[in-house]
Amino acid sequence: MRTSTDYLKSLSDGRTVIVDGKPVDDVAADPAFAPIARTVGELFDIAADPANGMQVTDEVTGNPVNRMYVAPRNAEDLAAWRDSAQVWANHTNGWVGRSPDHVGAFVAAFSAHPGAFADERGLADNVLAFHRRVMENDLYISYAIIPPQVSRATTAHAWDGDFIQVGVKEEREDGIVVRGAQMLATGGAVADEILVSCIKPLTPEDTDFAISFTVPVAADGLKLYCRRPYATGATSDFDYPLSSRYDETDALLVFDDVFIPWKDVFVYKDVPGLRKQFFDTGAHVLGNFQAQIRFATKLRFLAGIARKVAAVNGVDKFPGVVEKLGELASLVSVVESALHAAQFTAAADEQGFFSPGAQSLYAAMGLQAELHPRVIGILRELVGGGVLQVPSSVAELVNSETAEDMERYVSSPGITSVERVKLFKLAWDAVGSEFAGRHQSYELFYSGAPFVVKGYAFRNYDYNKPLQAVEQFLASYGVDGPAAAVTEEVSA
Ligand SMILES: Cc1cc2nc3c(=O)[nH]c(=O)nc-3n(C[C@H](O)[C@H](O)[C@H](O)COP(=O)(O)OP(=O)(O)OC[C@H]3O[C@@H](n4cnc5c(N)ncnc54)[C@H](O)[C@@H]3O)c2cc1C
C-alpha cells in the first residue's frame, strides 16, 4: 500500500498553488504545505501497516486495501470501518477535517450505488472505475462542492459574467472543457485529485453547471488560490503545536478551460443527478459519519485540555468548575452517543450498502453550530488569561537571561514552567490563534450552513410519532370535558 514516501514524491507534479501572488514551487517542500503533507503521509503509513487494522482484502484483486475506501455491507463491516476511521482521527486528534477518508467515504458509497449515476453515456462505469483507482492507489481526494459566494439570492445562471461557477464551456468527443470557479477545497493543495460538483440546489436554468467530475490537482489550467497559510506563522512546534502540523489550507479553485476526459465525468448537465449522487447513494451519510467520528475525537481532545488546565490552575475542585467540566463531558458524550446510536440503527439499503442511521447522525450534526462554540467557550473561560501569560516564544524558556523569570513567575504547583507554558500555548492554538478561528468556521460550515444542516436533521426525523402523540392527546378532551373513550377508560 502507499506510503508517505510515495505520497510526498507524487506531490511534485507541477500543480499551480498560488500564495502571495505567485505559484509555490513544490508544495511538499514549501513551509506552508510541507507540515500538512507530512501529516497526511503519516496517515498513509499508518494504513499501510497491517498492525493498525485498517486493511481489508479487495475482492477483485486479492490485495490489501484501505478499509476506508470500501463500502460497508453488514454490521461487522461498519464496526470495523468506524474503528479504522478512529485510528486516523486519533493520529490528528480530530484536527484534520479532510483527511483522505472523508471524500474516500463518499466515493466508497458511490461505488455501491452505480445506478444513481446511470445514463446513456455510461457515467456509472466511470464512477466504478474512479472508485477502483482511488482504492487501488490510495488516492487522496479533496472536494469542492459549493459555488463561489457571489450572491445567494440567485444561482449561477443569473450571475453577471459567464461561467463564474464552474460549468461546461465546451463538449467534445473525448471529454468536456470546464471554466469558472468553485468556492473552496480544503486540503486541495496537497491532494491527488479534486472531486468537483455542486451540493447546493440548482435550478433547471443552471444545467451547464450541473456536473460532477474529478480532476488531478496538477491538471493544465487549474489554479488553487489559497487563503493565507497559518503554518508559516507558526514560529515553532512548541509555540503553535496545532497550526504547525494540521493547517490543511483552503483554496479557491479556478478552472481556466480545463479539459476533463469523459472517463472522469460522473454527472453531466443533470440537475436532479447532482442531488442523487449525494443523497441516493448514502454518500452524504457515510461521509458525515466519518466527519462525526473525527469531530468527537477533537471534542475529547478539547475536553482533555480543559481538564488539565483546571487541574494545573488548582480550580478543578471548585463546584463552579466541576459544573463546567461536567457540561463539557455532557457535550462530548452527546456526540459520542449519537455515533453509537447511528451504528446501532444502521441498516442495509436495497443495494446492500450498510448505512449508519441517519436520524442520529443528523441530530448530532444539527446541534454542531451550538455545541462546538459552547465547548470552545467553556475552554476559553477555564484558561482565563493564562493563554496570554506566556512568553512570546520558546526562546524565553531556554535563554538563561529570561528562563529564571519564567521558572519563577510562570509556573504552577507540581509542574515546571516549560510544562505549563507548553500546555497554555496548546490551549491558545485551540481557542485563540488564527488556526483556531479557522477551525471555528470549519465546524460551523463544513457540512453546510447551520440552516442547511438543521434541514437534514428535520428531514431525517420521523415527525409522525410526535404528531400522533399530540393528536391523540388533543382528541382526549374537548369543550365538554374528557372524550368518551377516555372517560370510559377512567371509570373502568
Ligand atoms: C474552513 C472551511 C472549509 C471548507 N472546506 C470546504 C471544502 O473542502 N469543500 C467544499 O466544497 N466546501 C468547503 N467549505 C465551504 C462550506 O461548505 C460552505 O461554507 C457552506 O456550505 C456554507 O456555504 P456558504 O459559505 O456559501 O454560505 P452561504 O450559503 O453564503 O450562507 C452564509 C450565511 O447566510 C445565511 N443564509 C444564506 N442562505 C440562506 C437561506 N436560504 N436561508 C437562511 N439563511 C441563509 C446564513 O446565515 C448562512 O450561514 C468550507 C468552508 C469553511 C468555512
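Just so you know, ligand 1 is whichever comes first in the structure, and atom 1 is the first atom listed for that ligand. What you are looking at is a predicted structure, and each value in this text was computed from that prediction instead of being measured.
Aromatic rings of Tyr461 and Tyr463 (six-membered ring for Trp) have centroids within the 6.0 Å cut-off, being under it. Taking the six-membered ring where the residue is Trp, the centroids of His372 and Tyr442 are separated by 6.0 Å or more. You'll find the ring centres of Tyr456 and His284 inside the 6.0 Å limit. Between Tyr240 and Trp428, the distance from one ring center to the other does not fall under 6.0 angstrom.
Within 6.0 Å of atom CG in Asp220, 12 or fewer heavy atoms from other residues, nucleotides or ligands are found, so the atom counts as exposed in its surroundings.
If you check which protein heavy atom lies closest to atom 27 (O) of ligand 1, you get Gln149 NE2, 3.6 Å. Counting protein heavy atoms only, atom 48 (C) of ligand 1 is closest to Ala449 CB, 3.8 Å. In this structure, atom 9 (N) of ligand 1 lies nearest to the protein heavy atom Tyr143 O, 2.8 Å. Here the protein heavy atom with the shortest distance to atom 29 (O) of ligand 1 is Lys200 NZ, 2.5 Å. Shortest contact from atom 15 (C) of ligand 1 to any protein heavy atom: Met183 SD, 3.7 Å. Protein heavy atom nearest atom 26 (O) of ligand 1, with residue, atom name and distance: Arg152 NH2, 2.5 Å.
Relative orientation of the Tyr143 and Phe106 rings is perpendicular, given thresholds of 30° and 60° on the angle between their planes.
Taking a distance limit of 4.0 Å, we find that atom 12 (N) of ligand 1 is approached by some protein heavy atom. Less than 4.0 angstrom separates atom 34 (O) of ligand 1 from none of the non-hydrogen atoms of the protein. The nearest protein heavy atom to atom 40 (C) of ligand 1 is closer than 4.0 Å.
Listed by number with element, the atoms of ligand 1 under 4.0 Å from a non-hydrogen atom of Ala144 are 11 (O). Counting atoms of ligand 1 from 1 in the listed order, those under 4.0 Å from a heavy atom of Ile146 are 11 (O), 12 (N), 17 (O), 21 (O). Every atom of ligand 1 with a heavy atom of Thr186 under 4.0 Å away is listed here by number and element: 3 (C), 4 (C), 5 (N), 6 (C), 7 (C), 8 (O). Close approach of ligand 1 to Tyr442 (heavy-atom distance below 4.0 Å) involves ligand atoms 1 (C), 2 (C), 3 (C).
Side-chain atoms of Ser212 and Gln277, non-hydrogen and from C-beta on, do get closer than 4.5 Å to each other. Residues Gln165 and His157 have side chains not in contact (no heavy-atom distance under 4.5 Å, counting atoms from C-beta outward).
With a heavy-atom cut-off of 4.0 Å, Arg98 touches ligand 1 through its side chain alone. With a 4.0 Å heavy-atom cut-off, ligand 1 is reached by the side chain of Asp250 but not by its N, CA, C or O.
The option with the heavy atom closest to atom 43 (C) of ligand 1, from among Tyr446, Phe451, Phe445, is Phe451. Here the shortest heavy-atom distance to atom 50 (C) of ligand 1, taken over Leu184, Ile145, Ile194, belongs to Leu184.
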task: Give the C-alpha distance, both sets of side-chain angles, the deciding distance and a yes or no for side-chain hydrogen bond (donor to acceptor under 3.5 Å, both in side chains) between Ser99 and Asp101.
output: CA-CA 5 Å; Ser99 46; Asp101 46 346; 2.5 Å; yes

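In terms of N/O distances under 3.5 Å, ligand 1 is not approached by Ser142. By the 3.5 Å distance cut-off applied to N or O atoms, Ser441 is not counted among the residues near ligand 1.
Going from atom CD1 of Ile194 over to atom CD1 of Ile145 covers 12.5 Å, rounded to the nearest 0.5 Å.
Taking 4.0 Å as the cut-off, Gln182 does not count as a neighbour of ligand 1 on heavy-atom distance.
Counting only residues at least two apart or on different chains, the ring pair (Phe, Tyr, Trp, His ring centres under 6.0 Å) pairs with a member in residues 6-44 are Tyr7-Phe44.
Residues that satisfy the salt bridge (Lys or Arg N to Asp or Glu O under 4.0 Å) test with Asp257, not counting sequence neighbours, are Arg179.
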